[in-house]
There are 2 protein chains.
Amino acid sequence: MGMGRPRAFDADAALDRAMDVFWRHGYEGATIAQLTEAMSINPPSLYAAFGSKEGLLKAALDRYTEKRDAWMDRVVSAATAHEVAERFLMEHADAQTDPANPPGCLLVQGGLACGTGSANVPFELAARRTRTEDQLRERFVRAKAEHDLGESVDPATLARYLSAVTSGMCVMASSGANRETLREIAAVSLKAFEEQTKP
Amino acid sequence: MGMGRPRAFDADAALDRAMDVFWRHGYEGATIAQLTEAMSINPPSLYAAFGSKEGLLKAALDRYTEKRDAWMDRVVSAATAHEVAERFLMEHADAQTDPANPPGCLLVQGGLACGTGSANVPFELAARRTRTEDQLRERFVRAKAEHDLGESVDPATLARYLSAVTSGMCVMASSGANRETLREIAAVSLKAFEEQTKP
DNA sequence: AGATATCTGTAGTGTTCGCTACAAATGTGG
DNA sequence: CCACATTTGTAGCGAACACTACAGATATCT
């Protein structure tokens, strides 16, 4: 028995193209026609490989999360909690205004509210955002154990604050805010972080 | 010549219902069927009164902005810039978790990214968000003139920062963050505001 | 080479979308 | 009461949606 005709397209490259479409138009705003054209494949190939539009999104999110995890690993590898926060904020400002990608972040632009047929999409995106927040919190827990952060500091609050600020920066980026503007916001937020961590 | 059959529904009440649907499902996720059912009218009545789905959104946004302006007037009427920031942040935390409304804010949940056919919807929402930011900035300009804020303070940066934080709170609210959580974020942000305004 | 298994492209499927034609209903002005 | 203007409910329009049946193409395995 044979193994069948091999796939003629690179799945990861296709996912990168799909990611861009979801990012730019949101989950519901992205049509199969747009996706297949961007991926340079036909609908049957898409459905054979990813099952459904939602399956394609999840595959694209997996790939997105993969890259993001690698980035977060570098961020939390900074020596101090303060430097973690600084890198996290500043590199977010840069990433969200990187001309290589649509503005903002896929996990936010992908869709905060969806129709009844796609109700679990916002859920899925929220779960991935929470993951980043968790990574930050764990890093701050460690910083506390290492006496890099004081006893009175709440790692969860710090992580949530940074997560909220970067989400807000996504909203600003989607409205056309430029890199300078986002960096200013990041700088002010970093001041808050400093104030929060040394009383 | 007569004046025609009078409208049998209250347009403002209908807009409130439509607002809720757009808020909960986003512009693209909201269907005419859902809207008409929520508004307790039939499609022809909707189109006679508001022209199109996008026209309905704009009418709902006008009504939303009306209420929001009244609220912002109260916020900026606070005696000091610090108190303005505090009210703005804290009341945002409360409003975004008010069980009377869907989580977050219509101007964010309405849609950051849309399909090609609705490309100006995110634009429209962004314009309304900018309005709030403008109101804050103007208030801080005044505070600077009154020597309530120091010479080195940039009103635009402060306004953008507060706007970004509340947008980020919207994202958190749509992920299920509760009032306590948002208030914590608001509290940390207020610390940043304080730090930014007295160097 | 032959049988088998999977992919690819064409050309659709049924459903739902935003939107509207039409006639009956209901008000005003003469 | 009658002509007129506008709204309302029913029913359905064309277009676009996510998705797929099918046949031909291309690989592997014996």
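Below, chain A is the first sequence line, B the second, and so on; all start at residue 1.
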Could you go through nucleotides 13-15 of chain D and list every protein N or O atom that sits under 3.5 Å from one of its N or O atoms, giving the distance for each pair?
none

Q: Could you list the residues that satisfy side chain to side chain contact (heavy atoms under 4.5 Å, CB included) with B:Thr130, not counting sequence neighbours?
A: B:Asp134
Q: With sequence neighbours left out, write down each residue that passes side chain to side chain contact (heavy atoms under 4.5 Å, CB included) with A:Asp94, or none if nothing qualifies.
A: A:Arg179, A:Arg183
(Q) Between B:Arg5 and A:Arg5, which residue's closest nucleotide on DNA chain C lies nearer the 5′ terminus? (A) A:Arg5
(Q) For A:Arg17, I'd like to know if atom CZ has over 12 heavy atoms of other residues, nucleotides or ligands within 6.0 Å. (A) no
Q) Taking only residues two or more places apart in sequence or in another chain, which ones pass side chain to side chain donor-acceptor pair (under 3.5 Å) with B:Glu146? A) B:Arg142
Q: Please check if the distance between the ring centroids of B:Phe88 and B:Phe193 is under 6.0 Å.
A: no
Q. To 10°, what angle do the rotation axes through the five end pairs on each side of the helix from C:dA1-D:dT30 to C:dG30-D:dC1 form?
A. 10°
(Q) Closest approach to the side chain of B:Ala8, judged atom by atom: which nucleotide of D:dT28, D:dT26, D:dT8 is it? (A) D:dT8
Q | With sequence neighbours excluded, residues passing side chain to side chain contact (heavy atoms under 4.5 Å, CB included) with B:Ala8 | A | none
**Q.** Nucleic acid footprint by protein, nucleotides 9-18 of chain C - heavy-atom cut-off 4.0 Å, B for base, S for sugar-phosphate alone
**A.** BB------SS
(Q) Distance check needed: C:dG30 C1' versus B:Met3 CE, whole Å only. (A) 15 Å
Q: For B:Phe9, report the nucleic acid contact type (base, sugar-phosphate, nothing); a contact means any heavy atom under 4.0 Å.
A: sugar-phosphate
Listed pairs under 3.5 Å, donor-acceptor, residues 29-38 of chain A side chains, sequence neighbours left out:
{"residue": "A:Thr31", "atom": "OG1", "partner": "A:Gln34", "partner atom": "N", "Å": "3.1"}
{"residue": "A:Gln34", "atom": "OE1", "partner": "A:Thr31", "partner atom": "N", "Å": "3.2"}
{"residue": "A:Thr36", "atom": "OG1", "partner": "A:Ile32", "partner atom": "O", "Å": "2.9"}
{"residue": "A:Thr36", "atom": "OG1", "partner": "A:Ala33", "partner atom": "O", "Å": "3.0"}

Q) Any salt bridge (Lys or Arg N to Asp or Glu O under 4.0 Å) pairs touching residues 38-62 of chain A, not counting sequence neighbours? A) A:Asp62-A:Arg128
Q | B:Pro6, nearest nucleotide to its side chain (from C:dG29, D:dA27, C:dG27) | A | C:dG27
(Q) Restricting to ring-ring contact (aromatic ring centres under 6.0 Å, His included), what partner residues turn up for A:Phe50, sequence neighbours left out? (A) none
Q: Applying side chain to side chain contact (heavy atoms under 4.5 Å, CB included), name anything that partners A:Ala177, two or more places apart in sequence or on another chain.
A: A:Met172, A:Thr181, A:Leu182
Q.
Rounding to an integer number of Å, can you tell me how far B:Phe50 CZ sits from D:dT8 P?
A. 10 Å
Q. How would you list, by chain and number, every residue that makes a ring-ring contact (aromatic ring centres under 6.0 Å, His included) with A:His25, sequence neighbours excluded?
A. none
Q: Give the rounded distance in Å between these two atoms: CG of B:Leu46 and P of D:dT7.
A: 13 Å
